Amino acid sequence: MCSIFQITCDGALFNRCLDCFLGKAAYIRNLPDNLVALETELGNLIAAKNDVTRRVDNAERQQMRRLDRVQRWISRVEVVETEADELIRHGSREIEKLCVGGYCSKNCMSSYKFGKQVAKKLRDVRTLISEGVFEVVADRAPEPVADERPTEPTIVGLQSQLEQVWRCLVVEESVGIIGLYGMGGVGKTTLLTHINNKFLENPINFDCVIWVVVSKDLRLEKIQEDIGKKIGLFDDSWKSKSVEEKAVDIFRSLREKRFVLLLDDIWERVDLTKVGVPLPGPQNTTSKVVFTTRSIDVCGSMESHRKFPVACLSEEDAWELFREKVGQETLESHHDIVELAQTVARECDGLPLALLTIGRAMACKRTAEEWRHAVEVLRRSASEFAGLGEKVYSLLKFSYDSLQNETIKSCFLYCCLYPEDYGILKWDLIDCWIGEGFLEQSDRLSAEYQGYYIVGTLVQACLLEELEDDKVKMHDVIRDMALWITSEIEKEKRNFLVRAGAGLKEAPAVKGWENVRRLSLMQNQIETLSEVPTCPHLLTLFLDFNQELEMIADGFFQFMPSLKVLKISNCGNIFQLPVGMSKLGSLELLDISHTFIKELPEELKKLVNLKCLNLRWTRELNKIPRQLISNSSRLRVLRMFATGYIRFDDAPEDGVLFGGGEVLIQELLGLKYLEVLELTLGSYHALQILLSSNKLKSCIRSLYLELTGDTTSIIDATAFADLNHLNELYINNGIELEELKIDYTQIVRKRREPFVFRSLHRVTVMDCHKLKDVTFLVFAPNLKSLTLFDCGAMEEIISVGKFAETPEMMGHISPFENLQLLDLDNLPHLKSIFWKPLPFTHLKKMVVVQRCDQLEKLPLDSNSAKERKFVIRGYTGWWNRLQWEDEATQIAFRSCFQPMGVLSGGRKI
């Protein structure tokens, strides 16, 4: 018996199965063609990505930010590119498996899966190509709402006021103008600074926060300049506009913004309309103005909607602040001191500036007798003067009275000749002190040491504030107190006339100069000095930073027989000195630096007492009469750094003393008392002559090598090791210079102390197109600033290859330990700063400007980031290409990066 098994197949099902089989077979059959197509289309996709990336990089160089959808597309392309490359690389192996004319495979399942992947990836690539058409790839990157300002981390006693003002700014729309008033030194600027910085954490939908220091001498132009810089109006063409034109520009810009304007230290009404600021009020409830002042009357004249008194601290808060500044160690050094210290704190009457100043002054006083004396002096001084202002000054005057001697007091009062908020160069200030005769020492170096000691003493006493290593400033209240002393307390003895930074277009009437001893007209807009004054007692005259000054009358100096210090620096329109300079027989310091003076007059030979001549950055100076320098027999300081390097002329028949420097050096050799020399030399030959003189080598502080036209290819940098006081080195236009040679083996193996350039603080190398490295700087442990610009062949800053013969040093060399600024620009072949990570303990700023594209790795690791706060500035495209040791290091330094702004009128740092 037989049974029959029958399967009936539906026609539709059969067709579907057939289609499925043929579809899968198609992945195998089309694999060769699909692979070719994938490779072709991948090339098109990569080309499209490169085009988009270039557009993005160009936009980022202009301070723009790539769009998120563009970045997402680029990221997807990179992923697909990697996956497609992988498929293409394995394609030939899969094709070898095909048989039966490519219609079948030796391993059907493997070929099917691979073919399916190729087909899918081809679709992905074509989809990305179609999506990669962007009209716009970037938009403007948002700038920080406010610029962070340095301040004390704590605000003892001000927290409540900070919260009240903040509420007015972010909650109360009806409050547009807010005044903070109180006596000098009470903490108004501190409070305003914390308000400014709070916007960094809480922008509250404001577009910008603008900080302006107004100060006592109100100048609308200065306020407009600060506002213009913040909102992007400030450029050369804008600077030339009138006050009215600038006001229109500012108004047009700010009326479209939600802004906060912070005005610090105003003494009278600021007409915001004339400045161009849209007035907050019923018609403008989105913007705010906050100002600080010492007078409640100013709050009225400013029509403030709310005013807040910034009062002195409560006794509890005052003691907390005072105790913090004195220090627990001092307070515990004697059992009576705590009670006496509380008495001193009470005598300060809660004024923060007095608490800070006196607290720091008493921080090292560890005997009860010193503290009892402090109590007695504070009580006696406070009772001598009536009025609130006088009480403040008398409290501050305690620090002045506590200075060790009359010399330090004179040096302190001298600082009030400078304008408010002015950064005073320490060495320049000491030059003036020496010129005045405050620092009488047997030699210049000892006088300098004494000067720096006095600067330190004044900083420690909080009578000066340290801005940088080489600059100090006077707090405006301290300056007011110093001026008060000179005009009220010691008027007959001191007799100062100070109009520095007063915005003057004309000099004060010369009739008022007759009995003046020290006169400062610096940092004004005075155009002419046409009257001839009679000043028999004048010792110091500051005319510097009058950029509009075009003419000083002949004979202007003829009736100043006692003048010792004359400063005419940074007067950009002065091209020659007036006739009559020979009458300044007592002059000891003459400063005409940063001017466009072309030649020095013969009559300067009669300045027989001249001890300091400052010609720094007189770039047009190219004529100095022969024997003028050698005739200045008492000259101790000659500053000729970056002097006359624009044109050199050695024509002896012209009486010219300049050229490459050889003739000048011969004159310098005759100066018996010369101790400080800053020099510009125009050839390596002149440098060799200089280095042959032990006398001149001992004097050199700054050296500017202008090598235009010099054929020198190698400079023996070892010779600089004998310049024990060399502080500053500038090498410019060394077109043929290939190497700054140094015998590393000799220094490392034969010298007990390998750090041979201990005094070298600042180095600049520019336009040396064949120079490949500056490795000699590993022996400059105190280097603070390094600038390298337009050195087309430079590959390494410190070359590892030059230490190949001294492998024992490879692990011990750690340069740039004290470096504060590293500035790199237009170094197209630079690949390495150093071959291993460095701690950069003191670095404040690293700037990588343009054309440093091969510098793809910085000498930084996670250890470099520990407790370090420095800024890295550069273009975003360069930053994105950097390679890092690990992700942790990249994350650690991400917050340090500041994108470079748009180049405008030259490099912007």
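In this text, all values refer to a predicted model and were calculated from it rather than measured experimentally.
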Does Glu817 have any salt bridge (charged side-chain N to carboxylate O under 4.0 Å, His left out) partners at least two apart in sequence or in another chain, and if so, which? none
Under a 3.5 Å cutoff, is there a donor and acceptor pairing between the side chains of Asp790 and Asn826? yes
Hey, are the side chains of Phe545 and Tyr418 touching, using non-hydrogen atoms and a 4.5 Å cut-off? no
Do the side chain of Thr193 and the main chain of Thr151 share a donor and acceptor less than 3.5 angstrom apart? no
Between Lys784 and Glu468, does a salt bridge (charged side-chain N to carboxylate O under 4.0 Å, His left out) hold up when you go through it step by step? CA-CA 12 Å; Lys784 295 179 181 178; Glu468 303 168 20; over 6 Å; no
With sequence neighbours excluded, what pairs up with Asp428 under the side chain to side chain donor-acceptor pair (under 3.5 Å) test? Lys567
If you measure from the Lys or Arg side-chain nitrogens to the Asp or Glu carboxylate oxygens, is any gap between Arg881 and Glu856 under 4.0 Å? no
Sequence-distant partners of Leu331, side chain to side chain contact (heavy atoms under 4.5 Å, CB included), two or more places apart: Trp319, Arg323, Val326, Gln328, Ile337, Val338, Ala341
Please list, chain by chain and in numerical order, all residues satisfying ring pair (Phe, Tyr, Trp, His ring centres under 6.0 Å) with Tyr730, sequence neighbours excluded. Tyr704
Other residues, nucleotides, ligands: >12 heavy atoms within 6.0 Å of Lys831 NZ: no
Taking the inter-plane angle between the rings of Trp878 and Phe897 on a 0 to 90° scale, is it parallel (under 30°), tilted (30 to 60°) or perpendicular (over 60°)? tilted
Evaluate the side-chain proximity of Leu458 to Leu403: yes if any heavy-atom separation is below 4.5 Å, no if none is. yes
Who pairs with Phe412 by ring pair (Phe, Tyr, Trp, His ring centres under 6.0 Å), at least two apart in sequence or on another chain? Tyr400
Taking the six-membered ring for Trp, are the ring centroids of Phe816 and Phe834 within less than 6.0 Å of each other? no
Once salt bridge (charged side-chain N to carboxylate O under 4.0 Å, His left out) is applied, do any residues pair with Glu796, and if so which ones, sequence neighbours excluded? none
Look only at the side chain of Thr680 and the backbone of Ala642, and say whether a donor-acceptor pair between them is shorter than 3.5 Å. yes
Sequence neighbours excluded, which residues qualify as ring pair (Phe, Tyr, Trp, His ring centres under 6.0 Å) partners of Phe720? none
All pairs passing salt bridge (charged side-chain N to carboxylate O under 4.0 Å, His left out) where residues 445-457 contributes a residue, at least two apart: Arg444-Glu448, Glu448-Arg701
Has His829 got a side-chain atom pairing as donor or acceptor with Gly792's backbone, closer than 3.5 angstrom? yes
Tell me, yes or no, whether the heavy-atom count around Lys471 atom NZ, taken from other residues, nucleotides or ligands under 6.0 Å, exceeds 12. no
Considering residues at least two apart in sequence or located in another chain, which fulfil the salt bridge (charged side-chain N to carboxylate O under 4.0 Å, His left out) criterion with Asp57? none
Counterpart residues, side chain to side chain contact (heavy atoms under 4.5 Å, CB included), relative to Glu420 (two or more places apart): Ser215, Lys216, Asp265, Asp476, Arg479, Asp480
Candidates Asp591, Asn614, Asp431 - the one meeting side-chain hydrogen bond (donor to acceptor under 3.5 Å, both in side chains) with Arg639: Asp431
Is the number of heavy atoms from other residues, nucleotides or ligands under 6.0 Å of Lys426 NZ greater than 12? yes
Salt-bridge criterion met for Glu739 and Lys802 (N-O under 4.0 Å): yes
Are more than 12 heavy atoms from other residues, nucleotides or ligands located less than 6.0 Å from atom NZ of Lys325? yes
Quick one: ring-ring contact (aromatic ring centres under 6.0 Å, His included) pairs with a partner in residues 449-475, sequence neighbours left out? none
Can you list the residues that meet the salt bridge (charged side-chain N to carboxylate O under 4.0 Å, His left out) rule with Asp710, with sequence neighbours excluded? none
